[in-house]
Number of protein chains: 2
Amino acid sequence: MISNPLAKHKLTILYGVSLALLLFLLKWLELKLIIVNHAYEAYMGAIAIFFTTLGIWLALKLTKPKTVVVEKPVYINNGPEFTINQTELDKLGLSKRELEVLQLMAEGLSNQEISERLFVSLNTIKTHSAKVFEKMEVKRRTQAVEMAKRLCIIP
Amino acid sequence: MISNPLAKHKLTILYGVSLALLLFLLKWLELKLIIVNHAYEAYMGAIAIFFTTLGIWLALKLTKPKTVVVEKPVYINNGPEFTINQTELDKLGLSKRELEVLQLMAEGLSNQEISERLFVSLNTIKTHSAKVFEKMEVKRRTQAVEMAKRLCIIP
DNA sequence: TCCAAAATCACCCTAAAGTATGAGCTTGAT
DNA sequence: ATCAAGCTCATACTTTAGGGTGATTTTGGA
């Protein structure tokens, strides 16, 4: 909720100032109202309540909210005419080359065949495919293809 | 975090007891060490820290974690109803089990995962998949899936 | 009942896929 | 100019996929 250091400093300053004010208040009470030593319990309670409240307030302010991911179904039509879903493609952040590799994967080509098709080495395709899996958060090429088809990134 | 009333009572009692103990401690200090009035600031600071910490602890213990719901879209293909092409399926001559394996392959599962899904051994899945590739005249699972989708054998 | 097909599983081996890391080169934007 | 991102490639390693063969058990139909 609060993350920038300035805000944290503001809280610290506020804390210090309120502590000082409280001390002044207590001094004043002591001098003016002649609070006897045996009345400790009374304003000790007040102090306890005050700082406990302050602590609670601090805790509530400073705790980071817990995020809960809820999966929300989105239905898409997969009619005969295919139009690539640019939005989803952008979200994945695949590069031009990575998308090319993904498309050839979807055609059922092996890494070796893809490397020959694109005139690069097998290792390069492995690197690209690994990046694709990472960005798509999948483990295998079959999952990547399945997901890409569902997202309408490839026909 | 803690929701049953008994636990809350326990906390309250603990709170009260610790407050009482602190008061006794202060009294004892006052009597035995002769804390002068002007040394207020010192142990007031200690008290402040103690109760602030207590307040923070209480707040963390008693508040339910703040949650922020983040909706994650899950894309589902809900296009025109899929009808399997029985003619093409018959032409291939896939058995019931082989078709099952093919479908799970298309979902991106590994042979290991398929074997666990169907409660059979990994070797059995390998045998089935080999038969599928043979009947479909393909070399790899990715090709088999691509072909099956084109032939409308699987959605 | 008997047989062929289907289903199950095992073993061994090779090929392909995937992981991890590092490094050189290019390019576009600030 | 420089700096991040993309593309390229390599090496070494682990895991998974796939091929070949053989075997046992189930099962549906002639």
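Every chain is numbered from 1, with letters handed out A, B, ... down the list of sequences.
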Checking side-chain hydrogen bond (donor to acceptor under 3.5 Å, both in side chains) for the pair A/E116/A/Q112: CA distance, chi angles, key distance, verdict? CA-CA 6 Å; A/E116 285 161 11; A/Q112 183 65 56; 3.2 Å; yes
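In the region residues 91-103 of chain B, proximity to DNA chain C at under 4.0 angstrom, judged on heavy atoms, holds for B/S95, B/K96, B/R97.
For the OP1/OP2 pair of C/dT8 and a distance below 4.0 Å, the side-chain nitrogens and oxygens of B/S121 include no atom meeting the criterion. Contact annotation: A/R141 side-chain N/O to C/dG18 OP1/OP2 distance is under 4.0 Å. Between B/H128 and the phosphate of C/dT8, there is a side-chain N or O to OP1/OP2 separation shorter than 4.0 Å. Residue A/S110 has no polar side-chain atom (N or O) positioned under 4.0 Å from OP1 or OP2 of C/dA16. Within the structure, every side-chain polar atom (N or O) of B/N111 is placed at least 4.0 Å from both OP1 and OP2 of D/dT16.
Checking D/dT11, C/dC9, D/dG18 against the side-chain heavy atoms of B/N123 singles out C/dC9 as nearest. Listed nucleotides C/dT8, C/dA17, C/dG18 differ in distance to B/T124; the shortest reach to its side chain belongs to C/dT8.
Between A/L92 and A/L151, the closest side-chain pair of non-hydrogen atoms falls below 4.5 Å.
Under 3.5 Å, the side chain of A/T127 and the base of D/dC7 form no donor-acceptor pair of N or O atoms.
The distance between atom CD1 of A/I114 and atom P of D/dT8, rounded to the nearest whole Å, is 13 Å. In this structure, CZ of A/F133 is placed 13 Å from P of C/dA20, rounded to the nearest angstrom.
Considering only residues two or more places apart in sequence or on other chains, B/T124 meets the side-chain hydrogen bond (donor to acceptor under 3.5 Å, both in side chains) condition with B/S121.
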